[in-house]
Enquirer: 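Let me begin by handing over the structure; questions about it come next.
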Amino acid sequence: MITNPKILEYLDIISPVNSEPVEKVREKARENYIPIIKRDTENLLKFVLKMQKPESILEIGCATGYSAIVMLENSDANIVTIEKMPERVEEAVKNIKYTNLTNRAKVLEGDAGDILEKLVKENEKFDFIFMDAAKAQYINWLPTVKALLKDNGMIFSDNCLQEGDLLESSFAIRKRDKTIYKRMREYIYLLLHDETLESWIFSIGDGVLLSKNRR
Ligand code: SAM
């Protein structure tokens, strides 16, 4: 994983930028310390969307809507995106409106665990699922996420190498983080050994795991 800040800054500068309104949404999120997708992960996400051509996307972890907007701008899909913090939901709705994408987006407020169960009951299915919320919950949400994935669909799990700290277990690491890392390692193992999925792991950004439904 390349962590040299100069290289990351170079990537930021050299990458083809999004449209001006999308870049403004990004800038605002960064100014307000909202944790948004890293530029190199964003590049991979765009590439995968171009290959996969989804018609329906589910995002778990919307924050203020930046990655949802990027996914909408780089596909013809509709998106359902989940966020638990009301002030972030409000900002996301504003940002999606500002980028003229409201007719293709639905922002759902609440805990992802509850909303995912509800989507399953409503028989919803998605071609592409972007996991970018509470890392320790990925493993708990996995059965529901799989139930929501269409045949040939893809799961894009961000942050799965925890910025390179995944193997840390020293005293310097807080107990809570140790638990998160342990659960994430289990999640990675499960996906890489799940016979219904084909998965690949990349040390890009904070670590990305791509999983394609074999059905
Ligand atoms: N995908 C966003 C982007 O790149 O623009 C960034 C998402 S941020 C890394 C993770 C978000 O997930 C936070 O805004 C957090 O409030 C939300 N989140 C965490 N746990 C959640 C849960 N259980 N249910 C719903 N949202 C959750």
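The figures that follow rest on heavy atoms only: side chains count, while hydrogens, waters and symmetry mates do not. Each ligand, and each atom within it, is numbered from 1 in the order the structure gives. Because the structure is a prediction, the values reported are computed rather than measured.
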Enquirer: Check for a donor-acceptor pair, side chain of Ser75 on one end and backbone N or O of Ala77 on the other, with a separation under 3.5 Å.
Expert: yes

Enquirer: Should you measure from each heavy atom of Ala134, which atoms of ligand 1 turn up under 4.0 Å away?
Expert: 19 (C), 20 (N)

Enquirer: Step through the shown structure and confirm whether more than 12 heavy atoms of other residues, nucleotides or ligands are within 6.0 Å of NZ on Lys125.
Expert: yes

Enquirer: Considering the heavy atoms of Gly110, write down every atom of ligand 1 situated less than 4.0 Å from one of them.
Expert: 24 (N), 25 (C)

Enquirer: Looking at Asn103 and Asn78, what are the two nearest heavy atoms and their distance?
Expert: O-OD1, 4.4 Å

Enquirer: Identify the closest protein heavy atom to atom 12 (O) of ligand 1: which residue and atom is it, and at what distance?
Expert: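 Closest protein heavy atom to atom 12 (O) of ligand 1: Gly61 CA, 3.4 Å.
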
Enquirer: Which atoms from ligand 1 have a heavy atom of Glu59 less than 4.0 Å away?
Expert: 1 (N)

Enquirer: Considering heavy atoms of the protein only, find what lies nearest to atom 26 (N) of ligand 1 and give residue, atom and distance to 0.1 Å.
Expert: Lys84 N, 3.2 Å

Enquirer: Which option, Glu83, Lys38, Glu42, owns the non-hydrogen atom nearest atom 15 (C) of ligand 1?
Expert: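 Among Glu83, Lys38, Glu42, the closest heavy atom to atom 15 (C) of ligand 1 belongs to Glu83.
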
Enquirer: Would you say Gly65 touches ligand 1, if touching means a heavy atom closer than 4.0 Å?
Expert: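 Outside the 4.0 Å threshold, so no.
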
Enquirer: Hey, which atoms in ligand 1 end up nearer than 4.0 Å to a heavy atom of Ala63?
Expert: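 Listed by number with element, the hits are 2 (C), 6 (C), 7 (C), 14 (O).
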
Enquirer: Can you find an N or O of Ala133 that's nearer than 3.5 Å to an N or O of ligand 1?
Expert: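 In this structure, Ala133 places no N or O atom under 3.5 Å from an N or O of ligand 1.
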
Enquirer: Among all protein non-hydrogen atoms, which one is nearest to atom 10 (C) of ligand 1, and what is the separation to 0.1 Å?
Expert: Asp132 O, 3.0 Å

Enquirer: What residue and atom, counting heavy atoms only, is the protein's closest point to atom 13 (C) of ligand 1, and at what distance?
Expert: Arg88 NH1, 3.2 Å

Enquirer: Using a strict 4.0 Å threshold on nitrogen-to-oxygen distance, state whether Arg39 and Glu23 make a salt bridge.
Expert: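 Counted as a salt bridge, because a side-chain N and a carboxylate O are separated by less than 4.0 Å.
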
Enquirer: Got a list of side-chain donor-acceptor pairs under 3.5 Å for residues 146-157, not counting sequence neighbours?
Expert:
from: Lys146; atom 1: NZ; to: Asp194; atom 2: OD2; distance (Å): 2.5
from: Lys146; atom 1: NZ; to: Thr196; atom 2: OG1; distance (Å): 3.3
from: Ser157; atom 1: OG; to: Tyr187; atom 2: OH; distance (Å): 2.7

Enquirer: What is the distance from atom CG of Leu191 to atom CG of Leu209, rounded to the nearest 0.5 Å?
Expert: 5.0 Å

Enquirer: Less than 3.5 Å between some nitrogen or oxygen of Met85 and one of ligand 1, yes or no?
Expert: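 Such a contact does not occur with ligand 1.
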
Enquirer: Should Arg183 and Glu186 count as an ion pair when the cut-off is N to O under 4.0 Å?
Expert: no

Enquirer: Please work out, at 4.0 Å between heavy atoms, whether the side chain, the backbone, both, or neither of Ala29 comes within that distance of ligand 1.
Expert: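 None of Ala29 does.
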
Enquirer: Look at atom 8 (S) of ligand 1 and say which protein heavy atom is nearest, naming residue and atom and giving the distance to 0.1 Å.
Expert: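 So the nearest neighbour among protein heavy atoms is Pro35 O, 3.3 Å.
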
Enquirer: For ligand 1, is any non-hydrogen atom under 4.0 Å from Gln137's backbone (N, CA, C, O), its side chain (CB onward), both, or neither?
Expert: neither

Enquirer: Step through the shown structure and confirm whether more than 12 heavy atoms of other residues, nucleotides or ligands are within 6.0 Å of CD on Glu20.
Expert: no

Enquirer: Please determine whether a side-chain nitrogen of the Lys or Arg among Lys38 and Glu42 lies less than 4.0 Å from a carboxylate oxygen of the Asp or Glu.
Expert: no

Enquirer: In the protein, which heavy atom is nearest to atom 2 (C) of ligand 1, and how far is it?
Expert: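 Checked against all protein heavy atoms, atom 2 (C) of ligand 1 sits closest to Ser67 OG, 3.3 Å.
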
Enquirer: For the atom pair CG (Leu44) and CG (Leu210), what is the distance rounded to the nearest 0.5 Å?
Expert: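 Between Leu44 CG and Leu210 CG, I get 5.5 Å after rounding to 0.5 Å.
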
Enquirer: Of all the atoms in ligand 1, which lie at a distance below 4.0 Å from a heavy atom belonging to Tyr66?
Expert: 5 (O)

Enquirer: Look at atom 4 (O) of ligand 1 and say which protein heavy atom is nearest, naming residue and atom and giving the distance to 0.1 Å.
Expert: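 Nearest protein contact, heavy atoms only, for atom 4 (O) of ligand 1 is Ile37 N, 2.8 Å.
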
Enquirer: Name the option, out of Val89, Asp111, Leu116, that contains the heavy atom nearest to atom 22 (C) of ligand 1.
Expert: Asp111

Enquirer: Quick one: do Lys28 and Glu91 make a salt bridge, cutoff under 4.0 Å?
Expert: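 Between Glu91 and Lys28 there is a salt bridge, with a charged N closer than 4.0 Å to a carboxylate O.
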
Enquirer: Minimum heavy-atom separation for Ala68 to Thr81, with atom names?
Expert: CB-CG2, 4.4 Å

Enquirer: Is there at least one pair of N or O atoms, one from Ala112 and one from ligand 1, spaced under 3.5 Å apart?
Expert: yes

Enquirer: N/O to N/O below 3.5 Å, does that happen between Trp141 and ligand 1?
Expert: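 So ligand 1 has no N or O lying under 3.5 Å from an N or O of Trp141.
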
Enquirer: Can you measure from CD1 (Ile139) to NZ (Lys182) and round to the nearest 0.5 angstrom?
Expert: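 It is 8.5 Å, given to the nearest 0.5 Å.
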
